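Notes follow once the structure below has been shown.
Since we're looking at a predicted model, the values are computed, not measured. We use all heavy atoms of the structure for the numbers below, so side chains are in, but hydrogens, waters and symmetry mates are not.
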Amino acid sequence: MKKVLALFIALAVISMAFPLSAAQCPCEGHTVVLKAPAVSKTPDGRLIGVATQFVVTVAPGSGHVYIETWPLSQVDMQASARLAAQMAGKVTGKDMSKYDVFIQVRADAPIIGGPSAGGTMTVGIIAALEGWKINPNVMMTGMINPDGTIGPVGGILEKAGAAASVGAKLFLIPQGQRIQVVQETSKRTIGGIVQITTRSKKVDVVEYAKERWGLQVKEVSDIYEAVYYFTGHRLPKPQVPPVVKIDTSFLKNDAQSDYRNTTAYYQEVLKELKKSNLDYETYSALMEALQKAKGILDSAEKAIDNGMYYTALSKDFQARIVIRHVQWYASSSSPQDVAGFIRKTQNYINETEKIVGGTQIRGLTMLQAVAAAEERVEDAKSSVQDAWKYFYGQDYWDAIDQAAYAYERAKTARFWVQLGERYAGKKVIEREMLKETARNYIDSSELIATYIESMYGNVLGNDLTDSINKAETYYDDGKYSAAIFTAMEARVRGEVFLDTLAIDNVTVLREKLSEMKEAAKTAIGISEEQGVKPLLAIAYYEFAESYEEGNTTEDIVNAMFFYQYARESAGVFLLKPTEKGPTFTSTAPTMVTNGTGSSTSSPTLNPSNSSTPETGKGTSTTGITSVCGPAFVVGLALIPLFIRRRR
């Protein structure tokens with residue numbers, strides 16, 4: 001007895017040595033339990049569905065997010081949990097810096113994990129915040145995106161099977177993933193020769209799940225729909241204007257002027273080339289390049305005639321790179337001349353960086369433009385470094401090519417700064433305010449990249465990883481805008497891959513493209529409704545339309561990329577960058593269990609304090625109910641909850 005008393009006193013002393021103010025114990029708060037499907041990989045590489053349980057508690061605190069998985073997941077779920085907490089705060093209007101979130105994930109087998117449970121975690125956090133009950137017959141898979149949409153995931157068929165195996169009646173999947181493409185392999189022996197044939201087959205998940213398991217499958221586009229199916233409550237959704245007009249006429253004068261200047265530059269270099277003393281082979285190669293530039297200029301003129309002004313500017317940019325390459329190469333008679341052009345480019349980039357870095361950001365619309373400028377400066381700096389590498393490798397053609405690109409890229413950075421000045425507001429925004437947003441985008445992009453590699457191997461090569469590493473470098477250097485857009489690009493590439501996995505049918509691809517286009521238009525409309533003109537999103541939307549006119553699969557995929565990029569960039573700075581988002585701690589306490597070992601939920605709330613399922617007009621609960629006692633507090637003090645996630 002004395003030993004027990006001494007141990008209890010020791011624990012109490014330890015608990016006092018670690019103040020609970022640093023990380024609140026969930027002694028007060030609400031707990032909900034959700035089931036979610038996941039996938040596990042067998043020793044022979046097959047994917048199988050696995051049912052998991054999420055226990056989510058939200059309690060008064062200081063903005064921490066704690067997560068524990070058992071067994072450990074192959075892909076870290078930390079970034080997904082943090083984004084889920086942020087989105088829950090955004091859609092409910094709650095200040096998440098005043099709450100701590102505790103998430104327990106339990107499965108019968110090691111799961112891949114990653115971002116596919118982001119939507120489920122967001123629903124759980126919202127339900128715990130509002131004190132709403134969860135329908136135990138509903139399960140979901142899908143990422144949570146920064147704009148509240150539900151993003152694509154893999155393993156839909158396997159997850160449907162997992163949902164059916166634990167008695168789910170309704171399975172929610174991301175919008176646009178109803179049709180899955182599977183590979184069927186058949187083997188037959190003909191005269192001692194084994195013939196293996198693989199063919200693609202489309203599977204309608206809705207029909208397949210209904211016929212095989214009696215499971216209802218429904219597509220959801222955003223977290224608002226998901227919350228309704230899980231809880232019966234409707235959250236107020238941002239209103240989209242009935243008519244969203246995508247118009248780049250604000251770039252009309254710029255496009256017309258840029259086209260005239262680029263055409264004059266082409267004529268100038270064409271005359272210089274014809275007067276040159278170059279040998280036949282070099283002259284022919286440079287003339288062929290100039291003709292290519294002329295073709296691009298013709299398409300720029302056509303874009304202007306069709307009112308696609310950002311597309312015209314982009315075509316001019318592409319043409320000028322070729323023209324400058326021809327001019328500089330024709331003017332180089334020695335390696336010293338090549339080095340001189342690279343140094344000229346380096347100096348121009350340095351001057352541009354000073355201009356961009358010294359620009360005071362005033363308002364969210366200007367912020368987008370300056371962010372685009374900063375990302376372009378970093379791109380130019382990277383390209384000029386490549387130019388020097390080619391130069392020292394005595395590859396002067398590619399050295400000049402990279403230098404020409406870097407020079408023109410720096411010019412576009414100056415353009416975006418000037419464009420931002422036109423839309424300057426009154427409120428000054430400090431660049432440091434973007435740090436949290438940059439961190440979130442890098443983490444979520446890395447999560448998607450790791451998830452894809454775990455599910456499908458190194459199918460995308462090193463593209464995503466290289467972009468994410470570059471974003472990390474920008475972040476470490478304090479270039480938060482460049483980090484955001486570089487990580488966003490990687491994230492979007494990963495999403496498009498997941499959404500088009502194994503689909504080679506142009507009709508199906510165009511259906512998905514149409515959905516992405518509508519989502520981008522909606523995001524732009526919401527941004528404009530909130531008083532922000534999403535310059536980048538509008539520009540990328542139009543650029544996507546130019547690719548949509550093509551007939552190849554590559555054109556369709558490029559259009560998808562820019563529509564998704566438009567959707568993401570439309571809402572990237574609507575997350576109130578001045579407010580500190582939830583921080584993250586990588587270890588979670590063990591939740592309280594009852595005598596049977598199952599997780600304990602918070603007591604039933606007074607129905608009069610919650611919104612009605614159909615109207616959602618009632619008052620959400622604000623009272624806090626105890627879910628743990630003194631023994632739990634002492635035990636919690638022994639768990640290292642204070643380790644902040646760092647990179």
Output all residues satisfying salt bridge (charged side-chain N to carboxylate O under 4.0 Å, His left out) with R431, sequence neighbours left out; order by chain, then residue number. E374
Above 12 or not: heavy atoms from other molecules or residues under 6.0 Å from CG of N277? no
Residues in salt bridge (charged side-chain N to carboxylate O under 4.0 Å, His left out) contact with E421, at least two apart in sequence or another chain: R362
Under 4.0 Å between a Lys/Arg side-chain N and an Asp/Glu carboxylate O for E375 and R409? no
Do the side chains of E219 and R178 get close enough for a salt bridge, i.e. N-O under 4.0 angstrom? no
Taking the ring centre of each residue, are Y474 and Y480 less than 6.0 Å apart? no
For E515, is there an ion pair with R510 - N to carboxylate O distance below 4.0 angstrom? no
Taking R491 first and then D443, would you say they form a salt bridge - that is, a charged N and a carboxylate O separated by under 4.0 Å? no
Sequence-distant partners of K517, salt bridge (charged side-chain N to carboxylate O under 4.0 Å, His left out), two or more places apart: E545, E548
Is the closest side-chain heavy-atom distance between N440 and L83 below 4.5 Å? no
Decide yes or no for Q394 and P335: does some side-chain heavy atom of the first lie under 4.5 Å from some side-chain heavy atom of the second? no
F317, W328, F341 screened by ring-ring contact (aromatic ring centres under 6.0 Å, His included) with Y407, the one that passes: W328
With the side chain counted from C-beta on, respond yes when L297 and K315 share a heavy-atom pair under 4.5 Å apart, and no when they do not. no
